[in-house]
Amino acid sequence: MDEVRVKSVLNKHRKRDSWFLDDYSVNPYYGCQFSCIYCYIRGGKYARKPNELAAKINAPEVLDRQLRRRASRKEYGFIALGTSTEPYMKVERELEITRKVLSVISHYRFPVHVLTKSTLVTRDSDLLLEVAGRASLPPDLKGRVSGALVTVSMSTVDEELARFLEPGAPPPSERLEALGRLRDEGIEAGVAFIPVIPFLSDGEDELRRAIREAKDRGASYVFVGALTLPGDLKRTFLRAMERFPELIDGYRWIFKGGYPSKEYQSRLYSKTISICSEEGVRLGILGEIVP
Ligand code: SF4
């Protein structure tokens with residue numbers, strides 16, 4: 001993997017993300033080895049060049065400088081780790097950039113929200129507990145949420161389907177096991193079933209099974225989100241889905257403009273609300289998701 005030096009690593013959002021609660025994001029790598037067929041970084045604006053992988057080798061030092069300034073002004077807010085790349089790819093085991101980034105976050109007392117499909121996140125449970133214990137939360141979130149959140153993501157709990165959709169990622173069963181370990185250690189963690197794939201993992205039975213499996217592993221919360229196929233991604237996705245020729249017309253109809261129709265989204269949202277309430281699972285970190 002290439003190693004690059006960057007000038008900035010902390011992105012400040014215009015407003016807080018209403019689902020993941022982050023005001024900032026940090027991505028320690030460019031690109032991702034997990035190769036999910038629905039990934040929006042494939043050739044998108046987040047890659048340096050399509051599918052190019054690189055480690056931001058000086059990310060911890062740069063973040064130190066950027067957070068020192070933010071902390072001196074008390075501009076605390078959740079930092080999402082891994083919004084446009086996977087922060088725990090295999091190479092992280094050796095490079096430990098994400099781990100060093102977490103240390104910097106802990107030092108400056110910012111809260112963190114790790115988004116991952118990897119089981120390697122469990123390596124850093126010591127640091128995540130330290131962040132949780134030290135974090136200074138924004139005033140409106142104080143007492144409502146832990147200062148360290150981990151959201152494990154997957155588009156299905158079906159192992160065979162996951163091998164096709166997310167070929168480079170650990171199987172869903174291992175991701176759920178990692179979630180269970182984090183929960184056992186006292187870390188607030190949940191599952192994002194984002195994106196669920198129309199006709200394959202968005203049905204009532206599939207969603208219920210997925211939400212139950214997350215609950216059985218102690219998930220603090222779940223998310224369910226629709227697939228979106230902006231720009232070139234629609235063509236790439238449809239090509240990959242030729243394996244299911246009977247579904248192609250349906251996809252063309254749902255994703256006419258690249259985004260699922262309002263009807264599709266509101267059906268998915270209603271299904272999710274009823275399943276979560278029947279299963280006694282919190283939908284969203286604060287239990288107040290608005291689609
Ligand atoms: S794990 Fe995330 S960043 Fe990596 S390919 Fe999959 S969707 Fe993209």
Side-chain angles (χ1 to χ4, degrees), residues 1-2 4 9 11 17 19-20 22 25-56 59 79-93 95 97-98 101 113-124 149-159 161-176 178-179 189-198 200-202 210 222-241 255 258-260:
M1 178 177 285
D2 283 354
V4 293
V9 76
N11 307 300
D17 187 276
W19 281 32
F20 295 144
D22 51 303
S25 60
V26 169
N27 290 288
Y29 296 91
Y30 286 114
C32 181
Q33 295 169 310
F34 285 179
S35 307
C36 306
I37 68 165
Y38 51 76
C39 180
Y40 57 89
I41 68 166
R42 288 156 69 106
K45 63 177 178 174
Y46 298 98
R48 292 157 73 218
K49 288 185 195 153
N51 298 327
E52 190 171 8
L53 291 166
K56 299 180 188 175
I79 299 175
L81 205 47
T83 49
S84 60
T85 61
E86 167 58 56
Y88 286 101
M89 286 184 276
K90 283 197 193 104
V91 68
E92 164 61 20
R93 196 180 290 281
L95 295 181
I97 301 177
T98 298
V101 159
H113 186 174
V114 177
L115 307 163
T116 184
K117 279 190 172 74
S118 173
T119 54
L120 184 56
V121 61
T122 56
R123 178 199 65 185
D124 291 344
L149 303 166
V150 177
T151 297
V152 175
S153 73
M154 60 193 73
S155 54
T156 175
V157 289
D158 182 298
E159 304 276 298
L161 184 57
R163 267 198 297 277
F164 166 66
L165 297 170
E166 302 156 347
S173 56
E174 289 181 18
R175 283 178 247 173
L176 288 167
L179 170 86
V191 182
F193 296 106
I194 303 177
V196 286
I197 310 297
L200 295 177
S201 64
D202 70 342
V222 298
F223 294 99
V224 174
L227 175 69
T228 56
L229 298 173
D232 274 0
L233 188 54
K234 183 170 161 185
R235 195 163 36 85
T236 322
F237 177 80
L238 289 179
R239 202 178 309 127
M241 295 309 282
F255 297 104
Y259 292 88

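Each ligand, and each atom within it, is numbered from 1 in the order the structure gives.
By heavy-atom distance, the residue among Glu166, Lys117, Gln33, Met154 lying nearest atom 1 (S) of ligand 1 is Lys117.
Scanning both residues, Arg175 and Thr119, for their nearest heavy atoms gives N-CG2, 4.2 Å. Closest heavy-atom contact between Val91 and Gln33: N-OE1, 4.4 Å.
Between the CG atom in Leu115 and the CD atom in Glu86 there is a gap of 9.0 Å [rounded to 0.5 Å].
Among the atoms of Cys32, an N, O or S atom is found under 2.8 Å from atom 4 (Fe) of ligand 1.
Of all atoms in ligand 1, numbered sequentially from 1 with element shown, those under 4.0 Å from a heavy atom of Ser35 are 5 (S). Which parts of ligand 1 touch Cys39 is read off a 4.0 Å heavy-atom cut-off, strictly below it: atoms 3 (S), 5 (S), 7 (S), 8 (Fe).
Relative ring orientation between Phe255 and Phe237 is described as perpendicular, the plane-to-plane angle rising above 60° on a 0-90° scale split at 30° and 60°.
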